[in-house]
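Reviewing the structure listed below.
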Amino acid sequence: MAIKPKYIKQLGNVLLEQYPDSFNTDFETNKESVTALTTVESKGVRNRIAGYVTRKKAQAAQPA
């Protein structure tokens, strides 16, 4: 799997810190949340951020 660019991770982490309840493990819901909470105009960048946030939420939901 490709390594995500630094700006994707930074923005994803900021969104998770500031709006933890706005995201869950559903990609489609997270896409809408990223659109509402940011000014990202590129669909590709929005999807990458939403995918990163979805993955982080899924990892956090798994029992250790």
Side-chain angles (χ1 to χ4, degrees):
M1 189 178 268
I3 297 172
K4 302 256 184 271
K6 186 176 181 179
Y7 65 92
I8 299 288
K9 291 181 180 180
Q10 285 178 333
L11 188 51
N13 288 330
V14 167
L15 288 172
L16 282 172
E17 286 176 13
Q18 292 182 354
Y19 309 101
D21 296 334
S22 297
F23 300 101
N24 56 29
T25 57
D26 179 46
F27 175 72
E28 296 297 325
T29 305
N30 291 343
K31 267 196 329 190
E32 294 171 8
S33 296
V34 170
T35 302
L37 298 172
T38 65
T39 58
V40 174
E41 294 180 9
S42 168
K43 186 177 8 173
V45 173
R46 179 202 63 197
N47 288 350
R48 285 175 166 227
I49 295 168
Y52 178 73
V53 169
T54 302
R55 188 171 173 96
K56 293 295 272 187
K57 281 294 211 175
Q59 287 174 348
Q62 286 183 342

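In this text, all values refer to a predicted model and were calculated from it rather than measured experimentally. One is the number of the first residue; the rest follow in order along the sequence.
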Open item on the list: Is it the case that over 12 heavy atoms from other parts of the model lie below 6.0 angstrom from the CD atom of Glu41?
Closed with: no
TODO: Enumerate the residue pairs fulfilling salt bridge (Lys or Arg N to Asp or Glu O under 4.0 Å) with a member in residues 26-38, sequence neighbours excluded, ordered by first and then second residue.
DONE: Glu28-Lys31
Open item on the list: If the condition is side chain to side chain contact (heavy atoms under 4.5 Å, CB included), which residues does Glu17 pass it with, not counting sequence neighbours?
Closed with: none
TODO: Taking side-chain hydrogen bond (donor to acceptor under 3.5 Å, both in side chains) as the test, write out the residues that go with Ser33, two or more places apart.
DONE: none
Open item on the list: For the backbone of Asn24 and the side chain of Asn30, can you confirm whether one donor and one acceptor N or O come within less than 3.5 Å of each other?
Closed with: yes
Open item on the list: Counting C-beta onward and ignoring hydrogens, is there a side-chain heavy-atom pair between Thr38 and Arg46 closer than 4.5 Å?
Closed with: no
- [ ] Compare every heavy atom of Phe27 with every heavy atom of Gly51, then report the nearest pair and how far apart it is.
- [x] N-CE1, 3.6 Å
Task: Set of residues satisfying side chain to side chain contact (heavy atoms under 4.5 Å, CB included) with respect to Lys6, sequence neighbours excluded - done: Gln10
Task: Residue pair Lys9 / Ile3: nearest heavy atoms and the distance that separates them - done: NZ-CG2, 4.4 Å
Task: Residues clustering with Val14 (ILVMFWY side chains joined when closer than 4.5 Å, directly or via others) - done: none
Task: Connected hydrophobic set around Tyr7, excluding itself, where side chains approach under 4.5 Å - done: Ile8, Leu11, Leu15, Leu16, Tyr19, Phe23, Val34, Leu37, Val40, Val45, Ile49, Tyr52, Val53
